[in-house]
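Order of the sequence lines sets the chain letters (A, B, ...), proteins ahead of strands, with each chain counted from 1.
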There are 2 protein chains.
Amino acid sequence: MKATVPITVASLKVACSQCNLVELCLPFGMSESEIDRLDELVGARRKIKRQQHLYRAGDPFEAIYAIRAGSFKTDVLLEDGREQVTGFQMTGEMLGLDGISTEAHSCNAIALEDSEVCVIAYGKLEELSRVVEGLQLQFHKVMSREIVRDHGVMTLLGSMRAEERLAAFLLNMSQRFTARGFSPAEFHLRMTREEIGSYLGLKLETVSRAFSKFQDEGLIAVQQKHIRILDIVGLKRLIQHPSSRP
Amino acid sequence: MKATVPITVASLKVACSQCNLVELCLPFGMSESEIDRLDELVGARRKIKRQQHLYRAGDPFEAIYAIRAGSFKTDVLLEDGREQVTGFQMTGEMLGLDGISTEAHSCNAIALEDSEVCVIAYGKLEELSRVVEGLQLQFHKVMSREIVRDHGVMTLLGSMRAEERLAAFLLNMSQRFTARGFSPAEFHLRMTREEIGSYLGLKLETVSRAFSKFQDEGLIAVQQKHIRILDIVGLKRLIQHPSSRP
DNA sequence: ATGGACCGTTGATCCACGTCAACCACGAAA
DNA sequence: TTTCGTGGTTGACGTGGATCAACGGTCCAT
């Protein structure tokens, strides 16, 4: 049951086994020995400056990326110039899964701040996941989670009103910051109101107004991109018991 | 490089190698010999009557399903009773991928007509895709395609107006019927206006009105669930050059 | 054939959010 | 420090689609 995969030792500190994101990233749930094998997977790291593209729609697909530091947005541009943000990604999350289906990326990935990603050659991932069972399962789970997440966004866009959407967004951010060891109640958004609006299917003015309203109601404190959640329960209530719905 | 997987010969006619959906379904792009190996994958078939559930949100995840005949919708129910249809699936398409991530299904799958699915035990799929490379790649592509499709729906929900959404929906249906050897211009919808509305983030009245408007404009002919597309180009134009946008 | 449930259509009205516009806050560059 | 540009806030107003309501067609089950 020994693997015969050639072990190209990757440069020292790149190792998954030494990365503190192990619990969020692809190696999650894998055994120590399995994770050791992963170290050959991450070929290189790549730094992306704020506002720069990691990849663009149409680029040939070669690798997926794990965010090591920083954050990104993914978006789709329509012919007539409209932009739809399809997601925000933070450390430990994967980028590029959309490219597998057609062997070309179907959206743009843009850094929201200076960031760094681990480059995972897709061919290598396929190869290794044939021998490391834990990797195969975890990779499938990562893809599946993306599908579930997208269904959540579809629900939000299809059946919630503006304030519910923003409340859901804030709670989601809070939960993801928490998972990364940051405060659940206080965080810094890396994206603009316009980007939030695009993601939530709203105009930036509507986002801004909803932030102000939440502040007036004592649910949060907003100062530009800095958010403090004062009443988590209140926000949750907003989603479950929409104010005025028959 | 021979596989040591136990070959449990599945009952005769169930075989993928004899299924005319090979070009749409999981075996797409695989070699003859690879497809032969698939036959052990499909453990059984299951018939689902109209309006019955194939699985429900919360059900433990054990298998994914390939639609052999009929069609389905998937939906998510919110606490307060709102329903969001997350997709419509036709023959050859896969169901249940959402369940991998948490090992429980996250949505409901309901037959829109009397249908039949191939049951693909997930454990077996994992096992077999470790030895049959074509299967591994194709499975990843299927999942990735689902992600891309969802991004398309998010774009539709987040940045298109009612008539654009419906036009996009009709063109998508037309394209999928075509891929199955049916007419691109004439087909029978299996879902209600309310289900279409839920999927598109609109109320059923709005869907109905948009259908009528398209008919008045000579783009389509509607008679209940029967649709005839009279002007495909006109529908496409509707999406690319939204009528009244600054 | 006939009654009834469900589905679809259409009209009148309402309101949540988009649009347009003015202004303000902050950070980077000079 | 001033200036400039980008991003955020707020107000006034307009509108696309939701809501409410009435009615019509189709398909079953009896």
Exercise for the section: Please state whether the phosphate of D:dT26, meaning OP1 or OP2, lies under 4.0 angstrom from any side-chain nitrogen or oxygen of B:Lys225. Expected result: no
Exercise for the section: Please state how far atom CG in A:Leu204 lies from atom P in C:dT19, giving the value in whole angstrom units. Expected result: 10 Å
Exercise for the section: Please state how far atom CG in B:Leu166 lies from atom P in D:dG17, giving the value in whole angstrom units. Expected result: 11 Å
Exercise for the section: Whole angstrom is fine here: how far is it from CZ in A:Arg190 over to C1' in D:dG7? Expected result: 16 Å
Exercise for the section: Could you please name the option among D:dG8, D:dC20, C:dC20 that lies closest to any side-chain atom of B:Glu205? Expected result: D:dC20
Problem - Residue-phosphate contact under 4.0 Å: A:Thr206 side-chain N/O, C:dA16 OP1/OP2 - result: no
Handout entry: Which nucleotide in C:dG11, C:dT19, D:dG17 has an atom nearest any side-chain atom of A:Arg209
Key = C:dT19
Completion exercise
Closest of D:dG7, C:dT19, D:dT19 to the A:Thr192 side chain is D:dG7
Exercise for the section: Tell me whether the centres of the aromatic rings in B:Phe72 and B:Phe88 are closer together than 6.0 Å. Expected result: no
Problem - Aromatic ring proximity B:Phe182/B:Phe187, centre distance under 6.0 Å - result: no
Handout entry: Residue B:Ser208, side-chain atoms from C-beta onward, closest of C:dT10, D:dT9, D:dG8
Key = C:dT10
Practice task
Using only heavy-atom distances, determine whether the side chains of B:Arg180 and B:Thr91 contain a donor-acceptor pair under 3.5 Å.
Solution key: yes
Practice task
Round to the nearest Å and state the distance from B:Gln223 atom CD to D:dC27 atom C1'.
Solution key: 14 Å
Practice task
Using whole Å, report how far CD of A:Gln224 lies from P of C:dA28.
Solution key: 13 Å
Exercise for the section: Return the value, rounded to whole Å, for the distance between atom CE of B:Met160 and atom P of D:dG16. Expected result: 17 Å
Practice task
Have a look at A:Leu202 and say if it touches a base, only the backbone sugar-phosphate, or nothing, with a 4.0 Å heavy-atom cut-off.
Solution key: sugar-phosphate
Exercise for the section: Identify which nucleotide among D:dG17, D:dT9, C:dT9 has an atom closest to any side-chain atom of B:Arg161, counting heavy atoms from C-beta outward. Expected result: D:dG17
Fill in the blank from the handout: Residue pair A:Ala162/B:Val222 against DNA chain C: nearer the 5' end by closest nucleotide is B:Val222
Problem - Spacing of A:Ile220 atom CD1 relative to D:dG8 atom C1', expressed in whole Å - result: 14 Å
Practice task
Determine the contact category for A:Gly197: base if any of its heavy atoms lies under 4.0 Å from a base atom, sugar-phosphate if only primed atoms, P, OP1 or OP2 are that close, otherwise nothing.
Solution key: nothing
Handout entry: For atom CD of A:Glu194 and atom C1' of D:dT6, their distance in whole Å
Key = 11 Å
Practice task
Kindly point out which of C:dA12, C:dT19, D:dG7 is positioned nearest to the side chain of A:Lys203?
Solution key: C:dT19
Exercise for the section: Using a strict 4.0 Å threshold on nitrogen-to-oxygen distance, state whether B:Glu195 and B:Arg190 make a salt bridge. Expected result: no
Problem - Check: A:His151/B:Gln84 side-chain N/O donor and acceptor closer than 3.5 Å - result: no
